[in-house]
Amino acid sequence: MFFRSPFRARRYFRSGFRLRNNTLILLLIFFLIGLFLHYGGRTEPVVAFWNDLKSLVGLKSDRRASESANPYRAPEPKQEVEVDHTDTEASDDRSMLEKAKSNGKANRAELRVGEEKKLFDFEKLVDFTLPAFGPTDAIIRHDGYTLRYREEYEQADWVSYPLLENEILGDAERKNEQFQPDPMIETGSAISSDYSRSGYDRGHLAPAGDFKFSQQMMRQTFYMSNISPQKPEFNRGVWKSLEEQVRTWALRDKGLYVVTGPVLRPGLPTIGKKNRIAVPEYYYKVILYCNNPDIRMIAFLLKNEESTRSLKQFVVTVDEVEKRTGIDFFPKLPDQLEQQLESTRPSIMIENWFRL
DNA sequence: TTTTTTGT
């Protein structure tokens, strides 16, 4: 509502109250003013309002709706396609191709691995981005990310999620969110007060800033299962820079797959009152770009301490991260391709990712 | 802009 002059506005309101004598109108006006103040400054107020409304009602549809916007992700298979990933013979891939064709969506790609051509369609596999895990592992699936919780360290050792362009560009805010225990951890996750006055930050593994398009998904990054004790100088310094670099790449490349976590091992120092939380010495990130037929990886290994060194100096092979953590990343890739990508020299990774 | 700290 806009008035050309305060006088007209006053006349309008006065006549309104006299005629109806109704406090409901007054309440409505305050409500609208409140809405305007709350959303007026946002870049897309209507979208922000709608997202909040949906998260209030508890609808979980936002992620699924957005998936159609992924420029390269294969559609979910009608039936689950279970493929033994130790077998990478072309026949396997061919049967997947036929299934895709029968769905009318033959969007597979040909990949060159060395001299050979391979049919390559692993995105159709359920959980293709997750690191390898066993039947007794605590795999926790939230809307935006999946993690493996390690009770003995009271934190996750990997967190895996696709990072799409539209997820970074939303309007969700972190200012009203609070750290909460993760209700899905049966053994009980760490709690926020375990970190209080410890001298360590509650560092996000899946960053809140990677889920700006949905308030509900951002809220879920505040579960304590997604949190790890990081030195403030580290969390707010190099680690933050790395997270920003990954978002920049995700925008440039229209989507990436991210796996991140601490390097956990016995004998680490601990913090906490109710729980004993290991304080990791190192953190890693493994990034996969996969827009058939282009595919590349990069890995980072950073010490939990302040640093002013350039990010390039933390690039390592994925093999190196696997050796340190014992985690097998992207096990659903055809073995030969996986082996080739994960052993790529840091200098080549830097060349592939930091140019442009 | 995003990463957090403190209290009841």
Side-chain angles (χ1 to χ4, degrees), chain A residues 38-45 47-48 51-52 142 144-145 147 154-156 159 161 163-182 189-253 256 258 260-262 270-275 277-285 287 300-311 314:
Chain A
H38 188 75
Y39 292 104
R42 309 282 196 89
T43 46
E44 288 183 275
V47 176
N51 280 342
D52 286 358
H142 292 302
Y145 64 94
L147 62 82
E154 290 294 2
Q155 61 198 285
V159 171
Y161 57 98
L163 182 56
L164 309 180
E165 194 183 21
N166 62 333
E167 293 180 325
I168 306 168
L169 298 176
D171 262 315
E173 291 178 335
R174 62 177 286 151
K175 67 177 179 192
N176 293 323
E177 300 302 339
Q178 289 187 327
F179 294 97
Q180 290 167 16
D182 187 339
S189 70
I191 57 176
S192 184
S193 61
D194 286 326
Y195 285 66
S196 294
R197 286 179 295 275
S198 67
Y200 289 89
D201 273 5
R202 299 172 183 92
H204 279 68
L205 295 175
D210 284 3
F211 296 92
K212 285 191 69 66
F213 88 118
S214 157
Q215 196 65 49
Q216 176 166 316
M217 277 168 52
M218 180 179 285
R219 186 166 302 139
Q220 292 179 354
T221 70
F222 283 76
Y223 284 146
M224 292 304 292
S225 54
N226 183 46
I227 299 301
S228 180
Q230 296 180 326
K231 293 208 173 123
E233 320 84 79
F234 172 73
N235 184 32
R236 308 172 197 189
V238 258
W239 189 246
K240 185 177 80 165
S241 307
L242 177 55
E243 290 173 339
E244 285 165 352
Q245 177 64 260
V246 173
R247 280 192 284 271
T248 305
W249 283 336
L251 289 177
R252 180 192 71 183
D253 298 340
L256 298 173
V258 184
T260 189
T270 63
I271 58 165
K273 291 151 207 126
K274 188 164 174 288
N275 302 287
I277 297 142
V279 179
E281 203 181 352
Y282 288 92
Y283 289 87
Y284 68 85
K285 265 186 203 293
I287 316 291
F300 295 87
L301 187 67
L302 289 80
K303 201 164 187 195
N304 188 4
E305 64 181 19
E306 182 174 32
S307 173
T308 53
R309 287 156 64 200
S310 127
L311 289 176
F314 298 101

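Quick caveat, the model's predicted, so the values are computed rather than measured. Residue numbering restarts at 1 for every chain, and letters A, B, ... go by the order of the sequence lines.
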Select base, sugar-phosphate, or nothing to describe what A:R174 touches, counting heavy atoms under 4.0 Å on all strands.
base

Residue from A:Y282, A:Y283, A:Y200 passing ring-ring contact (aromatic ring centres under 6.0 Å, His included) with A:F234
A:Y283

Does A:Q230 reach a base, just sugar-phosphate, or nothing at all? Heavy atoms under 4.0 Å.
nothing

Grab the CD-C1' distance between A:E173 and B:dT2 for me, whole Å please.
12 Å

With a 4.0 Å cut-off on heavy atoms, is A:G203 in touch with a base, just the backbone sugar-phosphate, or nothing at all?
sugar-phosphate

For the residue pair A:S225 / A:D182, report whether a side-chain donor-acceptor contact shorter than 3.5 Å exists.
yes

When you measure from the side-chain N and O atoms of A:R236 to the phosphate of B:dT1, is any distance below 4.0 Å, counting only OP1 and OP2?
no

Interatomic distance where CD belongs to A:E244 and P belongs to B:dT4 [whole Å]
12 Å

Let me know the distance between CD of A:Q178 and P of B:dT8, rounded to the nearest Å.
14 Å

Between A:N226 (CG) and B:dT3 (P), how many Å, whole number?
11 Å

Given atom CG of A:N176 and atom C1' of B:dT4, what is their separation to the nearest angstrom?
15 Å

Determine, for A:F222 and A:R174, whether the Lys NZ or Arg CZ falls below 6.0 Å from the six-membered ring centre while staying within 45 degrees of the axis.
no

Check this one for me: any side-chain N or O of A:K212 less than 4.0 Å away from OP1 or OP2 of B:dT1?
no

Does a side chain donor of either A:S241 or A:R236 reach within less than 3.5 Å of an acceptor in the other side chain?
no

Ring-face cation of A:K231 near A:W239 (centre distance under 6.0 Å, axis angle within 45°)
no

On DNA chain B, more 5' by nearest nucleotide between A:E243 and A:R197 is A:E243

Provide, to the nearest angstrom, the distance between the CG atom belonging to A:L163 and the P atom belonging to B:dT2.
13 Å

Just how far, in rounded Å, is P of B:dT3 from CG of A:D210?
8 Å

Phosphate-side-chain proximity, A:N235 and B:dT4, N/O vs OP1/OP2 below 4.0 Å:
yes

In terms of side-chain heavy atoms of A:H204, which of B:dT3, B:dT5, B:dT4 is nearest?
B:dT4

Quickly work out the A:L251 CG to B:dT1 P distance and round it to whole Å.
15 Å

